[in-house]
Amino acid sequence: MNVKNRLRNSLIKKIQQLSTDKLTEINNLLNKIENQVESKQKTLKLAGTWKDLDQDVFNNLTIRLHDHRLISNNEKHYTAIQNLKIENWKK
């Protein structure tokens, strides 16, 4: 008997001795594991979508991402300061 069959038979014997509560827990655990595997597979399907992307676009989405966020945040702060100055000037 090969290792896979011995392991399967051992698990079957253990499962047959479990209470309904424990069987429910094991079922939930197996469902969770299956969902994680499906999620990983969906993520891996996206891996190839970047291969034909223009290098400059790729750099903007990855390497320059923090720079773009910094610029965006600075623009938001500048606008907020300008709005405060206008509100104070009206008073």
Side-chain angles (χ1 to χ4, degrees):
M1 190 183 300
N2 65 26
V3 175
K4 185 176 181 179
N5 284 337
R6 278 187 273 156
L7 182 58
R8 180 178 287 128
N9 289 335
S10 173
L11 286 170
I12 289 170
K13 287 177 186 175
K14 289 179 183 180
I15 288 171
Q16 288 173 341
Q17 296 173 6
L18 292 175
S19 68
T20 303
D21 292 339
K22 291 296 179 186
L23 285 172
T24 302
E25 286 181 37
I26 290 176
N27 189 50
N28 291 338
L29 177 63
L30 290 173
N31 287 334
K32 183 178 177 181
I33 291 170
E34 287 174 344
N35 289 336
Q36 289 174 344
V37 169
E38 288 174 10
S39 177
K40 286 179 184 177
Q41 289 172 344
K42 288 177 184 177
T43 301
L44 290 175
K45 286 181 182 178
L46 297 174
T49 59
W50 294 80
K51 68 180 177 182
D52 296 328
L53 199 60
D54 178 65
Q55 187 63 42
D56 194 45
V57 173
F58 180 79
N59 289 343
N60 278 330
L61 293 172
T62 56
I63 297 169
R64 298 185 199 122
L65 178 65
H66 296 290
D67 295 338
H68 292 304
R69 286 182 179 168
L70 183 61
I71 291 168
S72 176
N73 285 337
N74 286 343
E75 289 173 353
K76 289 177 188 174
H77 292 298
Y78 178 79
T79 302
I81 291 170
Q82 292 302 319
N83 289 339
L84 284 174
K85 286 181 180 179
I86 292 170
E87 288 176 18
N88 288 333
W89 181 76
K90 288 181 181 179
K91 290 181 181 180

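Residue numbers run from 1 in the order of the sequence given.
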- State which residues pass side chain to side chain contact (heavy atoms under 4.5 Å, CB included) with Gln55; sequence neighbours excluded, sorted by chain then number. Phe58, Asn59
- Listed partners of Lys4 passing side chain to side chain contact (heavy atoms under 4.5 Å, CB included), at least two apart: Asn2, Arg8
- Residues clustered with Ile12, ILVMFWY side-chain links under 4.5 angstrom: none
- Note on the structure: Excluding Leu11, membership of its hydrophobic cluster (Ile, Leu, Val, Met, Phe, Trp, Tyr; side-chain heavy atoms within less than 4.5 Å) reads Leu7
- Task: Report the residues that fulfil side chain to side chain contact (heavy atoms under 4.5 Å, CB included) with Asp56, sequence neighbours left out, ordered by chain and then residue number.
- Result: Asp54, Asn60, Arg64
Identify all side-chain donor-acceptor contacts of residues 17-32 below 3.5 Å with residues at least two apart in sequence or on another chain.
from  : atom 1 : to    : atom 2 : distance (Å)
Ser19 : OG     : Lys22 : N      : 3.3
Thr24 : OG1    : Thr20 : O      : 2.9
Asn28 : ND2    : Thr24 : O      : 3.3
Asn31 : ND2    : Asn27 : O      : 3.3

